[in-house]
Asker: 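The structure's right below; bear with me while I get my questions together.
In what follows, every chain begins at residue 1, and chains take the letters A, B, ... in the order their sequences are listed. In this text the structure is predicted, and so the values were computed from the model without any measurement. Side chains are part of it too, since the values below use all heavy atoms of this structure and drop only hydrogens, waters and symmetry mates.
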Amino acid sequence: MTDTSNPDHTLPSHFIRHMIDHDLASGKHDGRVQTRFPPEPNGFLHIGHAKSICLNFGLAEQYQGACNMRFDDTNPEKESQEFIDAIKADVNWLGFKWHGEVRYTSAYFQQLFDFALQLIRNGKAYVCSLTPEQAREYRGSLTEPGRNSPYRERSFEENLELFLRMQKGEFADGEHSLRAKIDMSSPNINMRDPIIYRIRNVEHHQTGDYWKVYPMYDYAHCISDALEHITHSLCTLEFEDHRPLYDWILNNLTLDSLKNACLELGNLPDDINYVLPEQTEFARLNINYNVMSKRKLKELVELGLVNGWDDPRMPTLSGLRRRGFTPASIRRFCDIIGMSRSESIVDVGMLEHCIREDLDEHSARAMCVLRPLKVTLINFTDEQAQTLSLPRHPKKDIGNRQIQFGPTLYIDETDFEQTPPPGYKRLSPGDEVRLRGAYVIKCEDVVRDQSGKVIELLCSLDPATLGQNPQGRKVKGVIHWVPAEGALRAEVRIYDRLFNNANPDDKVLGDFKNCLNPESLQVLTDCLVEPSLVSAAAEESFQFEREGYFCVDRFDSRPDALVFNRTVSLRDSWTKTNG
RNA sequence: UGGGGUGUCGCCAAGUUGGUAAGGCAUCAGAUUUUGAUUCUGACAUGCGUUGGUUCGAGUCCAGCCACCCCAGCCA
């Protein structure tokens, strides 16, 4: 990635790296680091997932280990192949390579089922026939212990028979469940005989209609980790209370059976010491002015409040991509936000900083006039027209672009002010300004329509100012422009934050949708871009000088009808302090 | 009022076995600049949720408070 051009960027230390260093020093996993990224394919990935992706894949890279890509697909009702495809595309786009083939928890359903049989045989699991409502009642509450299920002491023969019949499809959803026999009075509710298998008579996107019982996350995840010989199982804070269960499941299965299954799957080099995986939690990512929950993002999509999962205003990876964010900028962001166990809300300015940093260095410059205002040069004729050559980048030598300079051109409406405020450095009546890469011009007259709106500026040009400063006076400002001859019409989509409130999740708002920013999308259809942009490729990024960074929309832009998305504006210390 | 966590600058976040508060973002000031961009320079926590205690010395140890987050899906 572009990190190679930034030798200053060193990997920050954090508690997970410290832990791994410690494990490695003690020889715990024979010096191996095996991680995994385990999304459920029930939605699109967002920037919060990027944190996890960068962590898991990044750690594997740093320690010469490996990171598996695994779809945690134990709940067929909410999942689909569409999401699987989108997630794989996003991870690839971010630039990470997973170890071997893509894994699926569903590919372990048989092993998982066999391990359940083992638990039943050893009296560690039983079939419970309480209804969901009754089960909730028996579970107790946060402050009161639960009560044992009346089915808790069924014989193992009966449990075995019932569980087999559950899988045969003899029962309706919810009629029975398989539960781990742990402790109904545990202060940790996850340990009150958690359900590990439920009946679901539905088709699974990977396994079809073969299975009638599906394992729960807590049961499947730890075993899947063990089967893939994961050394460090990293997840977010809300799973902290699940860790005792993660360990309980693995510790109540025989180590040999786990190891053998792992060996059979080819996930364990036979000369290596088999150690069970351990779960470690980190804080999930929150960014102000954004929502990060899959449920809320899905709601925005389904209610049509945004134009799909890849709407450029969405914090999804596909949205950020379409907006013009680069994989390098997102990886960099994940690096600088750090890793800790304290819940925090990162300023969206950090993300903006990362994309500006990347695009400033790598994107070509170009000129685009968002709101065209005609300028006619009164002392310059068609015969004097010439071709100007401007560098594509102010610091890096990536060639030049050609621009026609003639007597008619366009500047931005906002670069002219009839009565300029103090400190104004643009064009105003009787004043001079430089046209970027060209001459200094002076506003001699203003043409208005009946309503008084300025529709044209008549300016004079100082022929001695091409490539050099005028004698005896200082010209304060530089503005961008586009030639009337050859400029291309373009649509430019300007995006603002999706929410007006820094914390859309705040309960006092009632609903997060109450603070949607009605002006988050502004479409400008009469923009003019310089001729060199005819050859702009889909997704290519440019800095439109003095405006910001823009990319060619990967879906809607055509050579004869260009569409640009503003990724982010330039930093601006002028409009920040003035209107 | 059960259990599990977290509290270091406006926002993130480092802080080895206690030794006298890294860095980034943002902000402010100045320099350079044919992008009010970039770049550069400088400023920005006697303070580490709070109250006590131990100590020559505490963000780091101890105790008590306070605040916030997570958990009662046959979701993940």
Asker: Of A/Glu343 and A/Pro38, whose closest RNA chain B nucleotide lies nearer the 5' terminus?
Answerer: A/Glu343
Asker: Give the rounded distance in Å between these two atoms: NE2 of A/His480 and P of B/U33.
Answerer: 22 Å
Asker: Taking NZ, NE, NH1 and NH2 as the nitrogens, is one of them in A/Asp360 or A/Arg365 under 4.0 Å from a carboxylate oxygen of the other?
Answerer: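 Answer for the salt bridge query: yes.
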Asker: Taking A/Arg243 first and then A/Glu278, would you say they form a salt bridge - that is, a charged N and a carboxylate O separated by under 4.0 Å?
Answerer: no
Asker: Regarding A/Arg546, tell me which of base, sugar-phosphate or nothing describes its non-hydrogen contacts under 4.0 Å with the strands shown.
Answerer: base
Asker: Which is true for A/Glu77 with a 4.0 Å heavy-atom rule: it touches a base, it touches only sugar-phosphate, or it touches nothing?
Answerer: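 Counting heavy atoms under 4.0 Å across all strands, no contact is made by A/Glu77.
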Asker: Find the runs of at least 3 consecutive base pairs, i with j, i+1 with j-1 and so on, that include RNA chain B, using Watson-Crick or G-U wobble geometry with both distances under 3.5 Å.
Answerer: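 Looking at RNA chain B, the stems formed by three or more consecutive pairs are B:2-7 with B:66-71, B:10-12 with B:23-25, B:27-31 with B:39-43, B:49-53 with B:61-65.
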Asker: Round to a whole Å and report the spacing from CG of A/Leu570 to C1' of B/U38.
Answerer: 9 Å
Asker: Taking only the P atom of each, what is the distance from B/C56 to B/G3 in whole angstrom?
Answerer: 37 Å
Asker: So what does A/Arg192 touch, heavy atoms closer than 4.0 Å: a base, only the sugar-phosphate, or nothing?
Answerer: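 Nothing, no heavy atom under 4.0 Å.
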Asker: Heavy atoms under 4.0 Å, any strand shown: does A/Leu178 hit a base, just sugar-phosphate, or nothing?
Answerer: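 Contact class for A/Leu178: none.
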Asker: Are A/Asp462 and A/Arg473 within salt-bridge range, i.e. N to O under 4.0 Å?
Answerer: yes
Asker: Using side chain to side chain contact (heavy atoms under 4.5 Å, CB included) as the criterion, point out the one residue from A/Glu530, A/Arg436, A/Gln386 that pairs with A/Ile403.
Answerer: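 Testing A/Ile403 for a side chain to side chain contact (heavy atoms under 4.5 Å, CB included) against A/Glu530, A/Arg436, A/Gln386 leaves exactly one candidate, A/Glu530.
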Asker: Base, sugar-phosphate, or nothing: which does A/Leu142 touch, judged by heavy atoms less than 4.0 Å apart?
Answerer: base
Asker: May I ask you to decide whether A/Arg70 forms a salt bridge with A/Glu228, counting only side-chain N to carboxylate O separations under 4.0 Å?
Answerer: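 Salt bridge: yes.
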Asker: Any salt bridge between A/Glu432 and A/Lys476, counting N to O under 4.0 Å?
Answerer: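 Looking at A/Lys476 together with A/Glu432, the answer is no, because their closest N to O distance does not fall below 4.0 Å.
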Asker: I want to confirm an ordering. Mapping A/Glu79 and A/Asp572 to their closest nucleotides on RNA chain B, which one lands closer to the 5' end?
Answerer: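 Taking each residue's closest nucleotide, the earlier one in sequence belongs to A/Asp572.
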Asker: Is a donor-acceptor pair below 3.5 Å formed from side chain A/Lys395 to base B/U38, judging by atom type as modelled?
Answerer: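 Counting by modelled atom types and ignoring angles, a donor-acceptor contact under 3.5 Å is found here.
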Asker: Which part of the nucleic acid, if any, lies within contact of A/Phe239, taking any heavy atom under 4.0 Å across all strands shown: a base, the sugar-phosphate backbone alone, or nothing?
Answerer: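 Base, at least one base heavy atom under 4.0 Å.
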Asker: Taking the side chain as every heavy atom from C-beta outward, state whether A/Tyr104 and A/Thr207 have any atom pair closer than 4.5 Å.
Answerer: no
Asker: Rounded to whole Å, please give me the gap between CZ in A/Arg341 and P in B/C70.
Answerer: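 Rounding to the nearest Å, CZ of A/Arg341 and P of B/C70 are 15 Å apart.
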Asker: Taking any heavy-atom pair under 4.0 Å as a contact, classify A/Arg356: base, sugar-phosphate, or nothing.
Answerer: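 The residue A/Arg356 makes no contact with any strand.
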Asker: Ignoring hydrogens and geometry beyond distance, is the side chain of A/Arg243 in donor-acceptor contact with the base of B/G4 at under 3.5 Å?
Answerer: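 It does not, because no donor-acceptor pair links the side chain of A/Arg243 to the base of B/G4 below 3.5 Å.
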Asker: Just call it for A/Leu466: base, sugar-phosphate, or nothing, with non-hydrogen atoms closer than 4.0 Å on any strand.
Answerer: base
Asker: Which is true for A/Ser141 with a 4.0 Å heavy-atom rule: it touches a base, it touches only sugar-phosphate, or it touches nothing?
Answerer: base
Asker: Look at all strands and tell whether A/Leu130 reaches a base, only sugar-phosphate, or nothing, counting heavy atoms closer than 4.0 Å.
Answerer: base
Asker: Indicate, with a heavy-atom threshold strictly under 4.0 Å, whether A/His242 touches base, sugar-phosphate, or nothing.
Answerer: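 Answer is base: heavy atoms of A/His242 come under 4.0 Å of a base.
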Asker: Checking all strands, does A/Gln543 fall into the base, sugar-phosphate, or nothing category for heavy-atom contacts under 4.0 angstrom?
Answerer: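 Base contact.
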Asker: Just checking A/Arg139: base, sugar-phosphate only, or nothing, at a heavy-atom cut-off of under 4.0 Å?
Answerer: sugar-phosphate
Asker: Does A/Gly477 reach a base, just sugar-phosphate, or nothing at all? Heavy atoms under 4.0 Å.
Answerer: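 It contacts nothing in the nucleic acid.
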Asker: In this structure, how many angstroms lie between the P atom of B/A37 and the CE atom of A/Met367, rounded?
Answerer: 18 Å
Asker: Whole Å only: how far is the CG atom of A/Asn75 from the C1' atom of B/C75?
Answerer: 6 Å
Asker: Are A/Arg392 and A/Asp397 ion-paired here, with the side-chain N under 4.0 Å from a carboxylate O?
Answerer: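 Salt bridge flag = no for A/Asp397 with A/Arg392.
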